[in-house]
There are 2 protein chains.
Amino acid sequence: MAVSEQFKDGFAQLPAGSFDKDCPTRPVMAQVTGRWGALIIAALVPGPMRFSGLHRHIGGISQKMLSQYLKSVVRYGLVERLVEPTVPPQVTYSLTPLGQSLAQQLCALLSWFSANTPALEAAQQRYDAADSPAR
Amino acid sequence: MAVSEQFKDGFAQLPAGSFDKDCPTRPVMAQVTGRWGALIIAALVPGPMRFSGLHRHIGGISQKMLSQYLKSVVRYGLVERLVEPTVPPQVTYSLTPLGQSLAQQLCALLSWFSANTPALEAAQQRYDAADSPAR
DNA sequence: CTGTATCCTACCCGATACTG
DNA sequence: CAGTATCGGGTAGGATACAG
C-alpha cells in the first residue's frame, strides 16, 4: 500500500493519495466537509429523522440546501431515503452502516471544535490585537 | 455541560450547540473544512514545511489560496509562521500543539475517505445506474 | 522565494414562489 | 409534507502580473 510509514507516533497512516490533484475523494470531501454536510450526517446520529425534522434541527439551512445535500449523501450511500406511501407523504432519512462509520469521525471533529472553541477565539484575538490594528 | 446524553454506544458526546445557527465554531469549521484547510493541516503533520514545499505537495492549489488559507490557520493558532531573515527569505510553517491535536482528527477523517473510496464510488454508480439514466 | 493585487468566472447559497 | 424552479447576490477560487 502506498502509504507513508515514517510518521510520528500517534499519527496512524495518513492520506498519501489525498494530496493528489485527481484524488477521487476530493469531490466527496468537498460535499461532506461542505457547509452543511457534516451537520446533516451528525444530525442523523441519534436516529432517523424526517425532512422537516432536519430542517428544524439544523439552524439556518434552507430547504434548497437541505434537499441538495441530502441528495448527495444519499447518492454516496451514506444516508438512506425511505418513502412512506401515505398522504401526505412521509420521507424518513437514516444513516447507512457506511454513513454511521463516517459519522463517528465527523462527531469527533465536531466535538473537537466544541471543546477548543475558547482556544481558537483566544488565538484570533491575540492575532488581531498584535498584528493589523491598521488595515 | 449541555451535551446530549441519550446517544447510542460508540458515539461519544455530540455537538449540541453545533446545530445552533449562531454557533461560533461555524466560521472556523467553514475554513478548516473548506476546500484546502484539511489538506494544509494534514500536509504539516510529518513536519514543518516551507511555502513552496506546501505548494508543490498539495496538488492543484494556487498561490493565492495557499496564502489565504495559511493566514487563516495561523490566525486561529493552528499553525506557526517562522520567518528566517535570510535572502531570499525563508518562511517555515509548522503545527502548533493545538494544530497537532486537530490534525489527529483530520487525519482520521482523510484516512476514512481513503479507506472507503471504493464503497463510495460503488454507491454512486449504483445510484446513477438505478435512477436517472435520462437526465 | 514568498507572497500581494487585480481581474474574472463559476457556483454556492438564500429567498421566494410553485408543484404533487 | 416534501420537495422543485427560478432569480439574484456574494464570494470562493483560478490566472496572471507584480512587489519585497
Side-chain angles (χ1 to χ4, degrees), chain A residues 19 21-23 26-40 43-44 48-75 79-94 127 131-132 134-135, chain B residues 19 21-23 26-40 43-44 48-75 79-94 127 131-132 134-135:
Chain A
F19 298 107
K21 185 164 76 75
D22 301 318
C23 177
R26 286 270 179 99
V28 194
M29 277 279 293
Q31 269 297 323
V32 174
T33 71
R35 184 160 176 192
W36 304 109
L39 290 177
I40 289 178
L44 290 173
M49 208 177 302
R50 305 248 305 273
F51 186 89
S52 52
L54 288 167
H55 194 207
R56 251 177 286 112
H57 190 64
I58 304 175
I61 194 171
S62 66
Q63 278 195 346
K64 176 184 172 182
M65 286 299 104
L66 180 56
S67 171
Q68 186 173 305
Y69 271 83
L70 279 173
K71 212 181 295 176
S72 286
V73 290
V74 168
R75 191 170 103 102
V79 168
E80 189 182 11
R81 183 176 187 270
L82 199 75
V83 183
E84 306 274 356
T86 64
V87 56
Q90 287 193 186
V91 181
T92 305
Y93 294 92
S94 57
Y127 184 95
D131 196 15
S132 50
R135 197 250 184 143
Chain B
F19 298 107
K21 186 162 76 74
D22 301 318
C23 177
R26 287 268 179 100
V28 194
M29 277 277 294
Q31 268 297 322
V32 174
T33 69
R35 184 159 177 195
W36 304 109
L39 290 176
I40 290 179
L44 289 173
M49 207 177 301
R50 305 248 307 275
F51 186 89
S52 53
L54 288 167
H55 193 209
R56 251 178 287 112
H57 191 63
I58 304 175
I61 193 172
S62 66
Q63 280 195 343
K64 176 186 172 181
M65 284 301 105
L66 180 55
S67 172
Q68 185 173 306
Y69 271 82
L70 279 172
K71 213 181 296 177
S72 285
V73 289
V74 168
R75 192 170 102 102
V79 167
E80 189 182 12
R81 184 177 186 269
L82 198 74
V83 183
E84 307 275 357
T86 64
V87 55
Q90 287 192 186
V91 182
T92 306
Y93 293 92
S94 57
Y127 184 94
D131 195 17
S132 51
R135 197 256 183 134

**Report entry** Nearest heavy atoms of B:Met49 and B:Ala43, plus distance in Å
**Finding:**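 In terms of heavy atoms, the two residues are closest at CE-O, 3.3 Å.
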
Report task. Please report the shortest heavy-atom distance between B:Met29 and A:Ala38, naming the atom on each side. Result ->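 Looking at all heavy atoms of both residues, the shortest contact is CE-CB, 4.5 Å.
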
**Report entry** 5'-most by nearest nucleotide on DNA chain C - A:Gly34 or A:Pro88
**Finding:**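 Result of the comparison: A:Gly34.
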
Report task. Answer yes or no: is there a side-chain heavy-atom contact under 4.5 Å between A:Gln31 and A:Val73? Result ->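 No. Closest side-chain heavy atoms not under 4.5 Å.
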
Report task. Using five base pairs at each end, measure the axis-to-axis angle across the helix from C:dC1-D:dG20 to C:dG20-D:dC1 and round it to 10 degrees. Result ->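 Roughly 50°, once rounded to the nearest ten degrees.
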
Query raised in the report: Do B:Leu39 and B:Ile61 pass the side chain to side chain contact (heavy atoms under 4.5 Å, CB included) test, and can you show the C-alpha distance, the side-chain angles, and the key distance before you say yes or no?
Result: CA-CA 10 Å; B:Leu39 290 176; B:Ile61 193 172; over 6 Å; no

Could you measure the distance from the [atom1] atom of [X] to the [atom2] atom of [Y]? Nearest 0.5 Å is fine.
X: A:Arg75; Y: B:Tyr127; atom1: CZ; atom2: OH; answer: 8.0 Å
X: A:Met65; Y: A:Ile40; atom1: CE; atom2: CD1; answer: 10.0 Å
X: A:Lys21; Y: A:Arg26; atom1: NZ; atom2: CZ; answer: 9.0 Å
X: B:Leu54; Y: B:Tyr93; atom1: CG; atom2: OH; answer: 8.0 Å

Report task. Mark yes or no for whether B:Ser67, through its side chain, and B:Gln63, through its backbone, hold a donor-acceptor pair below 3.5 Å. Result ->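 No.
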
Query - Nucleotide range of DNA chain C lying under 4.0 Å from chain A heavy atoms - result: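 So the outermost contacting nucleotides come out as C:dC13 to C:dG20.
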
Query raised in the report: What's the verdict on side chain to side chain contact (heavy atoms under 4.5 Å, CB included) for B:Gln68 and B:Trp36, showing C-alpha distance, side-chain angles and the deciding distance?
Result: CA-CA 10 Å; B:Gln68 185 173 306; B:Trp36 304 109; over 6 Å; no

Requested in this report: Please determine if a side-chain N or O atom of A:Ser67 lies less than 4.0 Å away from the OP1 or OP2 oxygen of D:dA2.
Outcome: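 Answer no for this pair, as no side-chain N or O of A:Ser67 is under 4.0 Å from OP1 or OP2.
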
Query raised in the report: Within the structure, does a side-chain N or O atom of A:Arg50 lie under 4.0 Å from either OP1 or OP2 of D:dG3?
Result: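 A:Arg50 to D:dG3 OP1/OP2: no side-chain N or O under 4.0 Å.
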
List every contact pair, protein side and nucleotides 7-12 of chain D side both N or O, where the distance is under 3.5 Å.
none

How long is the line joining [atom1] of [X] and [atom2] of [N], in whole Å?
X: A:Lys21; N: D:dG13; atom1: NZ; atom2: P; result: 16 Å
X: A:Arg81; N: D:dA2; atom1: CZ; atom2: P; result: 10 Å
X: A:Ile58; N: D:dA2; atom1: CD1; atom2: P; result: 14 Å
X: A:Lys71; N: D:dT4; atom1: NZ; atom2: C1'; result: 8 Å
X: B:Gln63; N: D:dT16; atom1: CD; atom2: P; result: 12 Å

Query - Touch class at under 4.0 angstrom, heavy-atom based, for A:Gly60 against every strand present - result: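 Answer is sugar-phosphate: A:Gly60 comes under 4.0 Å of backbone atoms only.
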
Report task. Just do the side chain to side chain contact (heavy atoms under 4.5 Å, CB included) check on A:Arg81 and A:Val79 with the steps written out, would you? Result -> CA-CA 7 Å; A:Arg81 183 176 187 270; A:Val79 168; 5.9 Å; no

